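Inspection log for the structure reproduced underneath, given as C-alpha coordinates.
Both ligands and their constituent atoms are indexed starting at 1 by order of listing. The model shown is predicted, which means the values in this text are computed figures rather than measured ones. Values below: every heavy atom of this structure, side chains too, minus hydrogens, waters and symmetry copies.
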Amino acid sequence: MKLLVTGGAGFIGSYFIKYMLQKYSDYKIVNLDLLTYAGNLETLKDADTNVNYKFVKGNIVDKVFVEDLFEKEQFDVVVNFAAESHVDRSVSDPNVFVKTNIMGTQVLLDVARKYNILRYHQISTDEVYGDLPLDRPDLFFMENTPLNPSSPYSASKAAADLLVIAYQRTYNIPVTLSRCSNNYGPYHFPEKLIPLIITRAITNQAIPVYGDGLNVRDWIYVEDHCSAIDCILHNGKEGEIYNIGSHDERSNLEVVKTILKELNKPETLIAFVKNRPGHDLRYAIDSSKLHKELGWGPKCNFEEGIKKTIKWYVENESWWQSIISGEYMNYYKKQYQINI
Ligand code: NAD
Ligand code: TDX
(Lines give C-alpha, C1' and ligand atoms only; values in the text may rest on other atoms or scores of the structure.)
(Ligands and ions follow the chains in the order given, each with its own letter.)
Protein backbone atom coordinates (compact mmCIF):
# COMPACT_ATOMS: atom_id res chain seq x y z
CA MET A 1 0.00 0.00 0.00
CA LYS A 2 1.44 3.40 -0.96
CA LEU A 3 0.04 6.54 0.66
CA LEU A 4 0.39 10.15 -0.31
CA VAL A 5 0.07 12.29 2.82
CA THR A 6 -0.12 16.00 2.05
CA GLY A 7 0.70 18.57 4.74
CA GLY A 8 2.66 15.91 6.62
CA ALA A 9 5.15 18.43 8.03
CA GLY A 10 2.33 20.12 9.95
CA PHE A 11 1.05 19.35 13.42
CA ILE A 12 -1.49 16.57 12.78
CA GLY A 13 -0.05 15.23 9.50
CA SER A 14 3.34 14.54 11.10
CA TYR A 15 1.68 12.56 13.89
CA PHE A 16 -0.33 10.62 11.35
CA ILE A 17 2.80 9.69 9.38
CA LYS A 18 4.64 8.49 12.50
CA TYR A 19 1.54 6.59 13.65
CA MET A 20 1.10 4.80 10.30
CA LEU A 21 4.80 3.96 9.83
CA GLN A 22 4.88 2.40 13.26
CA LYS A 23 1.65 0.46 12.86
CA TYR A 24 2.02 -0.81 9.28
CA SER A 25 5.58 -1.89 8.54
CA ASP A 26 4.71 -2.71 4.90
CA TYR A 27 3.11 0.68 4.01
CA LYS A 28 5.06 3.25 2.03
CA ILE A 29 4.38 6.93 2.71
CA VAL A 30 5.29 9.98 0.65
CA ASN A 31 4.91 13.27 2.50
CA LEU A 32 4.15 16.18 0.14
CA ASP A 33 4.46 19.52 1.94
CA LEU A 34 5.20 23.08 0.87
CA LEU A 35 6.94 23.85 4.19
CA THR A 36 5.07 27.07 4.83
CA TYR A 37 5.65 28.80 8.18
CA ALA A 38 3.61 25.95 9.74
CA GLY A 39 5.65 23.07 8.28
CA ASN A 40 8.54 21.74 10.33
CA LEU A 41 10.63 18.73 9.33
CA GLU A 42 12.27 18.68 12.74
CA THR A 43 9.07 17.01 13.94
CA LEU A 44 9.68 14.07 11.58
CA LYS A 45 13.34 13.44 12.40
CA ASP A 46 12.57 9.92 13.62
CA ALA A 47 10.87 8.98 10.35
CA ASP A 48 13.81 10.10 8.18
CA THR A 49 15.69 6.85 8.63
CA ASN A 50 12.67 4.71 7.74
CA VAL A 51 13.05 3.26 4.22
CA ASN A 52 9.26 3.36 3.80
CA TYR A 53 9.15 7.14 4.20
CA LYS A 54 10.01 9.91 1.74
CA PHE A 55 9.60 13.69 1.91
CA VAL A 56 8.87 15.76 -1.22
CA LYS A 57 8.66 19.54 -1.11
CA GLY A 58 5.90 20.94 -3.31
CA ASN A 59 2.63 22.81 -3.60
CA ILE A 60 -0.69 20.95 -3.87
CA VAL A 61 -1.99 23.83 -6.02
CA ASP A 62 0.64 23.09 -8.70
CA LYS A 63 -1.18 20.58 -10.92
CA VAL A 64 1.76 19.76 -13.21
CA PHE A 65 3.93 19.00 -10.21
CA VAL A 66 1.27 16.91 -8.46
CA GLU A 67 0.51 14.95 -11.64
CA ASP A 68 4.18 14.24 -12.16
CA LEU A 69 4.44 12.93 -8.60
CA PHE A 70 1.43 10.61 -9.08
CA GLU A 71 2.91 9.34 -12.36
CA LYS A 72 6.21 8.51 -10.63
CA GLU A 73 4.84 7.09 -7.38
CA GLN A 74 1.53 5.41 -8.40
CA PHE A 75 -0.24 6.03 -5.08
CA ASP A 76 -3.03 3.81 -3.77
CA VAL A 77 -4.37 6.23 -1.17
CA VAL A 78 -4.36 10.02 -0.69
CA VAL A 79 -4.86 11.66 2.72
CA ASN A 80 -5.10 15.42 2.40
CA PHE A 81 -4.03 17.34 5.51
CA ALA A 82 -2.41 20.23 3.59
CA ALA A 83 -4.10 23.50 4.46
CA GLU A 84 -3.75 26.95 5.82
CA SER A 85 -5.15 26.21 9.26
CA HIS A 86 -5.19 29.32 11.46
CA VAL A 87 -8.46 31.27 11.74
CA ASP A 88 -6.80 34.57 12.75
CA ARG A 89 -4.51 34.49 9.71
CA SER A 90 -7.55 33.87 7.49
CA VAL A 91 -9.17 37.00 8.91
CA SER A 92 -6.19 39.16 7.97
CA ASP A 93 -5.43 37.48 4.61
CA PRO A 94 -8.04 35.10 3.14
CA ASN A 95 -6.38 34.79 -0.28
CA VAL A 96 -3.97 31.94 0.40
CA PHE A 97 -6.76 30.05 2.22
CA VAL A 98 -8.84 29.99 -0.97
CA LYS A 99 -5.84 28.91 -3.02
CA THR A 100 -4.51 26.12 -0.80
CA ASN A 101 -7.66 24.86 0.87
CA ILE A 102 -10.03 24.98 -2.12
CA MET A 103 -7.91 24.99 -5.27
CA GLY A 104 -5.36 22.60 -3.76
CA THR A 105 -8.14 20.13 -2.92
CA GLN A 106 -9.50 20.41 -6.44
CA VAL A 107 -6.07 19.64 -7.94
CA LEU A 108 -5.67 16.58 -5.71
CA LEU A 109 -9.16 15.35 -6.62
CA ASP A 110 -8.53 15.83 -10.36
CA VAL A 111 -5.26 13.95 -10.24
CA ALA A 112 -6.61 11.24 -7.93
CA ARG A 113 -9.38 10.73 -10.46
CA LYS A 114 -6.95 10.44 -13.37
CA TYR A 115 -4.84 7.84 -11.53
CA ASN A 116 -7.76 5.75 -10.22
CA ILE A 117 -6.66 5.73 -6.60
CA LEU A 118 -8.33 3.32 -4.15
CA ARG A 119 -9.25 6.00 -1.61
CA TYR A 120 -9.11 9.80 -1.29
CA HIS A 121 -9.54 10.95 2.32
CA GLN A 122 -10.18 14.61 3.09
CA ILE A 123 -9.22 15.98 6.51
CA SER A 124 -11.88 18.51 7.37
CA THR A 125 -12.93 20.25 10.58
CA ASP A 126 -15.93 20.76 12.85
CA GLU A 127 -15.67 24.49 12.09
CA VAL A 128 -17.52 23.93 8.80
CA TYR A 129 -20.74 23.58 10.83
CA GLY A 130 -20.40 27.11 12.23
CA ASP A 131 -21.08 27.40 15.96
CA LEU A 132 -23.61 26.45 18.64
CA PRO A 133 -25.17 28.74 21.26
CA LEU A 134 -23.60 28.73 24.74
CA ASP A 135 -26.97 28.20 26.46
CA ARG A 136 -27.90 24.96 24.60
CA PRO A 137 -25.57 22.25 25.96
CA ASP A 138 -27.96 19.67 24.48
CA LEU A 139 -26.96 20.60 20.91
CA PHE A 140 -24.10 18.92 19.03
CA PHE A 141 -22.80 18.92 15.45
CA MET A 142 -24.00 15.84 13.56
CA GLU A 143 -22.73 14.75 10.12
CA ASN A 144 -25.93 16.11 8.56
CA THR A 145 -25.84 19.47 10.38
CA PRO A 146 -25.96 22.12 7.61
CA LEU A 147 -22.65 23.78 6.75
CA ASN A 148 -22.59 27.33 8.11
CA PRO A 149 -18.97 28.51 8.26
CA SER A 150 -18.09 31.81 9.97
CA SER A 151 -14.49 32.63 9.00
CA PRO A 152 -12.63 32.67 5.69
CA TYR A 153 -10.76 29.61 7.02
CA SER A 154 -13.87 27.57 7.76
CA ALA A 155 -15.55 28.76 4.54
CA SER A 156 -12.58 27.51 2.54
CA LYS A 157 -12.70 24.14 4.35
CA ALA A 158 -16.47 23.88 3.75
CA ALA A 159 -15.97 24.66 0.04
CA ALA A 160 -13.35 21.91 -0.17
CA ASP A 161 -15.76 19.47 1.52
CA LEU A 162 -18.43 20.28 -1.05
CA LEU A 163 -15.97 19.65 -3.89
CA VAL A 164 -15.01 16.28 -2.39
CA ILE A 165 -18.66 15.25 -2.09
CA ALA A 166 -19.47 16.51 -5.61
CA TYR A 167 -16.49 14.67 -7.15
CA GLN A 168 -17.68 11.47 -5.51
CA ARG A 169 -21.16 11.84 -6.95
CA THR A 170 -20.12 13.09 -10.39
CA TYR A 171 -17.00 11.02 -11.06
CA ASN A 172 -17.52 8.18 -8.60
CA ILE A 173 -14.19 8.77 -6.84
CA PRO A 174 -13.84 6.59 -3.72
CA VAL A 175 -13.76 9.33 -1.09
CA THR A 176 -14.20 9.54 2.67
CA LEU A 177 -14.24 12.72 4.73
CA SER A 178 -13.69 13.37 8.43
CA ARG A 179 -14.52 16.42 10.53
CA CYS A 180 -12.60 16.65 13.78
CA SER A 181 -12.77 18.93 16.80
CA ASN A 182 -9.84 21.01 18.18
CA ASN A 183 -6.62 19.00 18.40
CA TYR A 184 -3.85 19.53 20.95
CA GLY A 185 -0.59 17.81 21.90
CA PRO A 186 3.19 18.13 21.58
CA TYR A 187 4.63 19.84 18.44
CA HIS A 188 1.57 22.13 18.10
CA PHE A 189 2.51 25.45 16.50
CA PRO A 190 2.45 28.21 19.16
CA GLU A 191 -0.02 30.45 17.33
CA LYS A 192 -2.90 28.15 18.43
CA LEU A 193 -4.48 28.61 21.87
CA ILE A 194 -3.03 25.73 23.93
CA PRO A 195 0.64 25.94 22.83
CA LEU A 196 0.38 29.74 22.94
CA ILE A 197 -0.73 29.65 26.58
CA ILE A 198 1.86 27.07 27.61
CA THR A 199 4.83 28.77 25.96
CA ARG A 200 3.86 32.22 27.19
CA ALA A 201 3.18 30.99 30.71
CA ILE A 202 6.56 29.23 30.87
CA THR A 203 8.23 32.52 29.87
CA ASN A 204 6.02 34.59 32.25
CA GLN A 205 4.41 36.59 29.43
CA ALA A 206 0.82 37.87 29.26
CA ILE A 207 -1.73 35.38 27.93
CA PRO A 208 -4.12 36.95 25.40
CA VAL A 209 -7.71 35.77 25.86
CA TYR A 210 -10.21 36.96 23.26
CA GLY A 211 -13.39 38.66 24.54
CA ASP A 212 -14.62 37.28 27.86
CA GLY A 213 -12.92 33.88 27.43
CA LEU A 214 -16.25 32.05 27.65
CA ASN A 215 -16.16 30.59 24.12
CA VAL A 216 -16.13 26.81 24.24
CA ARG A 217 -13.99 24.35 22.28
CA ASP A 218 -14.18 20.56 22.21
CA TRP A 219 -10.64 19.16 22.65
CA ILE A 220 -9.13 15.93 21.33
CA TYR A 221 -5.61 14.59 21.85
CA VAL A 222 -3.86 14.50 18.46
CA GLU A 223 -3.08 10.77 18.57
CA ASP A 224 -6.77 9.98 18.98
CA HIS A 225 -7.49 11.96 15.80
CA CYS A 226 -4.86 9.85 13.98
CA SER A 227 -6.30 6.53 15.17
CA ALA A 228 -9.73 7.67 13.98
CA ILE A 229 -8.40 8.48 10.48
CA ASP A 230 -6.67 5.09 10.36
CA CYS A 231 -9.96 3.44 11.32
CA ILE A 232 -11.90 5.34 8.61
CA LEU A 233 -9.29 4.54 5.93
CA HIS A 234 -9.52 0.83 6.65
CA ASN A 235 -13.17 0.37 7.62
CA GLY A 236 -15.03 3.51 6.54
CA LYS A 237 -17.62 3.37 3.77
CA GLU A 238 -16.96 5.18 0.51
CA GLY A 239 -18.82 8.48 0.21
CA GLU A 240 -19.34 8.76 3.98
CA ILE A 241 -18.61 11.66 6.32
CA TYR A 242 -17.43 10.88 9.88
CA ASN A 243 -17.30 13.30 12.81
CA ILE A 244 -14.36 12.81 15.19
CA GLY A 245 -14.34 14.06 18.79
CA SER A 246 -13.74 13.19 22.42
CA HIS A 247 -16.66 14.99 24.13
CA ASP A 248 -14.18 17.13 26.10
CA GLU A 249 -15.66 20.64 26.10
CA ARG A 250 -13.96 23.49 27.95
CA SER A 251 -14.29 27.27 27.92
CA ASN A 252 -11.08 29.04 26.87
CA LEU A 253 -10.78 30.54 30.33
CA GLU A 254 -11.01 27.08 31.94
CA VAL A 255 -8.23 25.86 29.64
CA VAL A 256 -6.04 28.86 30.50
CA LYS A 257 -6.60 28.41 34.25
CA THR A 258 -5.88 24.65 34.09
CA ILE A 259 -2.56 25.29 32.35
CA LEU A 260 -1.53 28.10 34.71
CA LYS A 261 -2.30 25.91 37.71
CA GLU A 262 -0.32 22.97 36.32
CA LEU A 263 2.66 25.27 35.66
CA ASN A 264 2.28 26.99 39.01
CA LYS A 265 1.87 30.42 37.39
CA PRO A 266 -0.39 33.25 38.59
CA GLU A 267 -3.74 34.06 36.96
CA THR A 268 -2.58 37.69 36.80
CA LEU A 269 -0.86 36.68 33.53
CA ILE A 270 -4.30 36.56 31.87
CA ALA A 271 -4.87 39.55 29.56
CA PHE A 272 -8.34 39.99 28.04
CA VAL A 273 -7.83 41.38 24.52
CA LYS A 274 -10.03 42.47 21.62
CA ASN A 275 -12.33 39.69 20.45
CA ARG A 276 -11.71 37.73 17.23
CA PRO A 277 -14.08 39.05 14.50
CA GLY A 278 -16.95 36.60 13.99
CA HIS A 279 -15.66 34.51 16.93
CA ASP A 280 -17.50 31.15 17.02
CA LEU A 281 -19.18 30.61 20.42
CA ARG A 282 -19.18 26.88 20.95
CA TYR A 283 -18.02 23.76 19.12
CA ALA A 284 -19.32 20.38 20.28
CA ILE A 285 -19.12 17.34 18.09
CA ASP A 286 -21.17 14.15 18.13
CA SER A 287 -18.96 11.31 16.90
CA SER A 288 -21.40 8.49 17.75
CA LYS A 289 -21.53 7.37 14.08
CA LEU A 290 -17.81 6.56 14.20
CA HIS A 291 -18.25 4.76 17.57
CA LYS A 292 -21.31 2.77 16.50
CA GLU A 293 -20.43 1.91 12.90
CA LEU A 294 -16.65 1.52 13.09
CA GLY A 295 -16.02 0.88 16.80
CA TRP A 296 -13.60 3.79 17.25
CA GLY A 297 -13.11 5.52 20.61
CA PRO A 298 -10.61 8.03 22.03
CA LYS A 299 -7.97 6.79 24.49
CA CYS A 300 -6.79 10.01 26.13
CA ASN A 301 -8.96 12.44 28.11
CA PHE A 302 -8.21 16.14 28.56
CA GLU A 303 -6.84 15.86 32.13
CA GLU A 304 -4.24 13.31 31.03
CA GLY A 305 -3.55 14.84 27.59
CA ILE A 306 -2.96 18.36 28.85
CA LYS A 307 -0.47 17.11 31.47
CA LYS A 308 1.47 15.17 28.80
CA THR A 309 1.41 18.23 26.52
CA ILE A 310 2.61 20.68 29.18
CA LYS A 311 5.40 18.30 30.20
CA TRP A 312 6.56 18.06 26.58
CA TYR A 313 6.71 21.86 26.14
CA VAL A 314 8.63 22.22 29.42
CA GLU A 315 11.15 19.60 28.28
CA ASN A 316 11.43 20.74 24.65
CA GLU A 317 11.93 24.47 24.91
CA SER A 318 14.46 24.56 22.05
CA TRP A 319 11.76 23.30 19.62
CA TRP A 320 9.38 26.20 20.29
CA GLN A 321 11.98 28.85 21.15
CA SER A 322 13.35 28.60 17.60
CA ILE A 323 9.83 29.15 16.23
CA ILE A 324 8.90 32.12 18.40
CA SER A 325 11.95 34.12 17.42
CA GLY A 326 12.51 36.35 14.40
CA GLU A 327 9.63 36.81 11.95
CA TYR A 328 7.18 35.16 14.30
CA MET A 329 7.52 37.96 16.85
CA ASN A 330 6.23 40.37 14.18
CA TYR A 331 3.14 38.17 13.85
CA TYR A 332 2.50 38.41 17.62
CA LYS A 333 2.75 42.21 17.49
CA LYS A 334 0.49 42.56 14.46
CA GLN A 335 -2.10 40.06 15.68
CA TYR A 336 -2.51 41.41 19.19
CA GLN A 337 -1.69 45.07 18.31
CA ILE A 338 0.04 45.51 21.63
CA ASN A 339 3.39 44.57 23.00
CA ILE A 340 2.14 41.78 25.21
P1 NAD B 1 -0.77 22.93 10.24
O2 NAD B 1 -0.97 24.35 9.88
O3 NAD B 1 0.04 22.58 11.45
O4 NAD B 1 -0.11 22.14 9.01
C5 NAD B 1 -0.46 22.35 7.69
C6 NAD B 1 0.65 21.80 6.80
O7 NAD B 1 0.26 21.98 5.43
C8 NAD B 1 1.99 22.51 6.97
O9 NAD B 1 3.04 21.58 7.11
C10 NAD B 1 2.15 23.33 5.69
O11 NAD B 1 3.50 23.51 5.30
C12 NAD B 1 1.38 22.47 4.69
N13 NAD B 1 0.88 23.23 3.54
C14 NAD B 1 0.24 24.44 3.57
N15 NAD B 1 -0.04 24.85 2.31
C16 NAD B 1 0.41 23.87 1.49
C17 NAD B 1 0.38 23.70 0.07
N18 NAD B 1 -0.16 24.63 -0.73
N19 NAD B 1 0.91 22.57 -0.45
C20 NAD B 1 1.45 21.63 0.35
N21 NAD B 1 1.53 21.73 1.69
C22 NAD B 1 0.99 22.84 2.25
O23 NAD B 1 -2.23 22.30 10.35
P24 NAD B 1 -2.80 21.16 11.29
O25 NAD B 1 -3.28 21.75 12.54
O26 NAD B 1 -1.84 20.02 11.31
O27 NAD B 1 -4.09 20.75 10.44
C28 NAD B 1 -4.01 19.75 9.42
C29 NAD B 1 -5.38 19.57 8.79
O30 NAD B 1 -6.32 19.22 9.78
C31 NAD B 1 -5.91 20.83 8.13
O32 NAD B 1 -6.56 20.46 6.94
C33 NAD B 1 -6.91 21.40 9.13
O34 NAD B 1 -7.91 22.12 8.49
C35 NAD B 1 -7.44 20.12 9.75
N36 NAD B 1 -7.92 20.22 11.14
C37 NAD B 1 -7.14 20.78 12.11
C38 NAD B 1 -7.60 20.82 13.43
C39 NAD B 1 -6.76 21.42 14.53
O40 NAD B 1 -7.25 21.56 15.64
N41 NAD B 1 -5.50 21.77 14.29
C42 NAD B 1 -8.85 20.30 13.74
C43 NAD B 1 -9.64 19.73 12.71
C44 NAD B 1 -9.14 19.69 11.43
O1 TDX C 1 -4.61 34.24 21.33
C2 TDX C 1 -5.66 33.60 21.33
N3 TDX C 1 -6.61 33.88 22.27
C4 TDX C 1 -7.81 33.25 22.33
O5 TDX C 1 -8.64 33.55 23.20
C6 TDX C 1 -5.93 32.56 20.36
C7 TDX C 1 -4.93 32.21 19.31
C8 TDX C 1 -7.15 31.92 20.43
N9 TDX C 1 -8.08 32.27 21.37
C10 TDX C 1 -9.38 31.56 21.39
C11 TDX C 1 -10.11 31.55 20.07
C12 TDX C 1 -10.87 30.23 20.13
O13 TDX C 1 -12.08 30.42 20.83
O14 TDX C 1 -9.11 30.20 21.70
C15 TDX C 1 -9.97 29.32 20.96
C16 TDX C 1 -9.11 28.39 20.13
O17 TDX C 1 -8.48 29.17 19.13
P18 TDX C 1 -7.49 28.50 18.06
O19 TDX C 1 -6.43 27.74 18.77
O20 TDX C 1 -7.09 29.56 17.09
O21 TDX C 1 -8.43 27.40 17.38
P22 TDX C 1 -9.84 27.50 16.62
O23 TDX C 1 -10.10 28.85 16.12
O24 TDX C 1 -10.86 26.89 17.55
O25 TDX C 1 -9.55 26.51 15.38
C26 TDX C 1 -8.86 25.25 15.58
O27 TDX C 1 -9.75 24.18 15.61
C28 TDX C 1 -10.33 23.76 14.41
C29 TDX C 1 -7.78 25.03 14.52
O30 TDX C 1 -6.88 26.11 14.50
C31 TDX C 1 -8.39 24.77 13.18
O32 TDX C 1 -7.36 24.46 12.24
C33 TDX C 1 -9.32 23.60 13.29
O34 TDX C 1 -9.98 23.39 12.08
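- Atom 23 (O) of ligand 1 has its closest protein heavy atom at Ser85 OG, 3.2 Å.
- With atom 16 (C) of ligand 2 as the reference point, the heavy atom nearest to it among Leu281, Leu193, Asp212 is part of Leu193.
- In the displayed structure, Lys308 atom NZ is contacted under 6.0 Å by more than 12 heavy atoms of other residues, nucleotides or ligands.
- Of the options Ile259, Val273, Val256, a side-chain contact (heavy atoms from CB on, under 4.5 Å) to Ile207 is made by Val256 and by none of the others.
- For atom 13 (O) of ligand 2, the choice among Arg282, His188, Arg179, His279 with the nearest heavy atom turns out to be His279.
- For ligand 1, none of its N or O atoms has an N or O atom of His188 under 3.5 Å away.
- Those atoms of ligand 1 that come under 4.0 Å of a heavy atom in Asn182, given as number and element, are 40 (O).
- At a threshold of 4.5 Å between side-chain heavy atoms, the hydrophobic network of Ile, Leu, Val, Met, Phe, Trp and Tyr places Leu44 and Ile323 in one connected group.
- Applying side-chain contact (heavy atoms from CB on, under 4.5 Å) to Ile241 and the options Asn144, Thr176, Ile165 leaves one that passes, Ile165.
- In this structure, Lys18 forms no cation-pi arrangement with Tyr24, as its terminal cationic atom is not both closer than 6.0 Å to the ring centre and no more than 45° off the ring axis.
- Rounding to the nearest 0.5 angstrom, the gap separating the CD1 atom in Ile285 from the CE atom in Met142 is 10.0 Å.
- Considering both main-chain and side-chain atoms, Asn215 never comes within under 3.5 Å of ligand 2 through any nitrogen or oxygen pair.
- Nearest protein heavy-atom neighbour of atom 44 (C) of ligand 1: Ser124 O, 3.1 Å.
- Considering backbone and side-chain N/O atoms, Asp33 comes within less than 3.5 Å of an N/O atom of ligand 1.
- Hydrophobic clustering (ILVMFWY, side-chain heavy atoms < 4.5 Å, transitive): Ile102 and Val91 are in distinct clusters.
- In this structure, Phe189 has no heavy atom closer than 4.0 Å to ligand 1.
- The distance from atom CD of Gln321 to atom OG1 of Thr203, rounded to the nearest 0.5 Å, is 7.0 Å.
- At under 3.5 Å, not a single nitrogen or oxygen of Tyr283, backbone or side chain, sits near a nitrogen or oxygen of ligand 2.
- Of the inter-residue distances, the one linking Asp248 atom CG with Tyr221 atom OH reads 13.5 Å to the nearest 0.5 angstrom.
- Put simply, CG on Leu69 and CD1 on Ile60 are 12.5 Å apart, with the number rounded to the nearest 0.5 Å.
- In this structure, Arg282 forms no cation-pi arrangement with Phe141, as its terminal cationic atom is not both closer than 6.0 Å to the ring centre and no more than 45° off the ring axis.
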Item to check | Stepwise salt bridge (Lys or Arg N to Asp or Glu O under 4.0 Å) check, Lys307 with Glu303 | outcome: CA-CA 7 Å; Lys307 283 200 174 97; Glu303 283 78 17; over 6 Å; no

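- Close N/O approach between Asp280 and ligand 2 is not found [any backbone or side-chain N/O within under 3.5 Å].
- Taking the six-membered ring where the residue is Trp, Trp219 and Phe302 present tilted rings, their angle falling between 30° and 60°.
- When hydrogens are left out, the protein atom nearest atom 33 (C) of ligand 1 is Tyr153 OH, 3.5 Å; that is the closest non-hydrogen contact.
- Residues Phe189 and Phe16 fall within the same hydrophobic cluster, defined by Ile, Leu, Val, Met, Phe, Trp and Tyr side chains chained together at heavy-atom separations under 4.5 Å.
- Judged by the shortest distance from any of its heavy atoms, Cys180 lies inside the 4.0 Å radius around the atoms of ligand 1.
- Here the shortest heavy-atom distance to atom 5 (O) of ligand 2, taken over Tyr153, Tyr210, Tyr184, belongs to Tyr210.
- The shortest N or O to N or O distance between Asn59 and ligand 1 is below 3.5 Å.
- We find the NE2-NZ distance between His291 and Lys289 to be 13.0 Å, quoted to the nearest 0.5 Å.
- In terms of polar-atom proximity, Leu32 is not counted as a contact of ligand 1, lacking any N or O under 3.5 Å from an N or O of the ligand.
- What sits closest to atom 42 (C) of ligand 1 on the protein, heavy atoms only, is Ser181 O, 3.4 Å.
- Remark: ligand 1 atoms within the under-4.0 Å shell around heavy atoms of Leu35 are 11 (O).
- Inclusion of Asn183 in the set of residues having an N or O under 3.5 Å from an N or O of ligand 1 is warranted.
- Note on ligand 1: Thr6 sits outside its first shell, no heavy atom being nearer than 4.0 Å.
- Distances between N or O atoms of Lys157 and those of ligand 1 include at least one value under 3.5 Å.
- Atom 41 (N) of ligand 1 has Ile12 CD1, 3.7 Å as its closest protein atom, hydrogens excluded (heavy atom only).
- Side-chain contact annotation: Glu127 with Thr125, donor-acceptor N/O pair under 3.5 Å absent.
- Checked by distance only, ligand 2 and Asp126 stay at 3.5 Å or farther apart across all their nitrogen or oxygen atoms.
- Asn243 and Ser287 form no side-chain donor-acceptor contact under 3.5 Å, judged by distance and modelled atom types alone.
- At a 3.5 angstrom cut-off on N or O pairs, Val61 does not count as close to ligand 1.
- Shortest contact from atom 30 (O) of ligand 1 to any protein heavy atom: Ile123 CG2, 3.3 Å.
- Here the heavy atom of the protein found nearest to atom 4 (O) of ligand 1 is Gly10 CA, 3.3 Å.
- Of the polar atoms of Val87, none of the N or O atoms is found under 3.5 Å from an N or O of ligand 2, judged by distance alone.
- For the ligand labelled ligand 1, residue Gly8 lies outside the 4.0 Å heavy-atom shell.
- For a threshold of 3.5 Å applied to N or O pairs, the pair formed by Leu196 and ligand 2 contains no separation below that value.
- Comparing Arg276, Arg200, Arg250 by heavy-atom distance to atom 18 (P) of ligand 2, the nearest is Arg276.
- Distance from atom 3 (O) of ligand 1 to its nearest protein heavy atom, with residue and atom name: Phe11 N, 3.0 Å.
- Geometric assessment of Lys192 against the ring of Tyr184 yields a negative cation-pi assignment under the 6.0 Å and 45° thresholds.
- If you look at Glu127 next to ligand 2, the close heavy atoms, those under 4.0 Å, all belong to the side chain.
- Under 4.0 Å from ligand 2, not a single heavy atom of Ile194 appears.
- Note that Arg113 lies in the cation-pi zone of Tyr171, set by a 6.0 Å cut-off to the ring centre and a 45° limit from the axis.
- Contact analysis puts Glu191 in contact with ligand 2, with a non-hydrogen atom separation below 4.0 angstrom.
- Residue contacts with ligand 1 for Asn40 are absent, since no atom lies close enough (heavy atoms, distance under 4.0 Å).
- Counting heavy atoms closer than 4.0 Å to ligand 1, residue Thr100 contributes side-chain atoms (C-beta onward) but none from N, CA, C or O.
- Residue Arg217 has at least one N or O atom closer than 3.5 Å to an N or O atom of ligand 2.
- Using a 3.5 Å distance cut-off with no hydrogens or angles, the side chains of Lys157 and Asn101 do not pair a donor with an acceptor.
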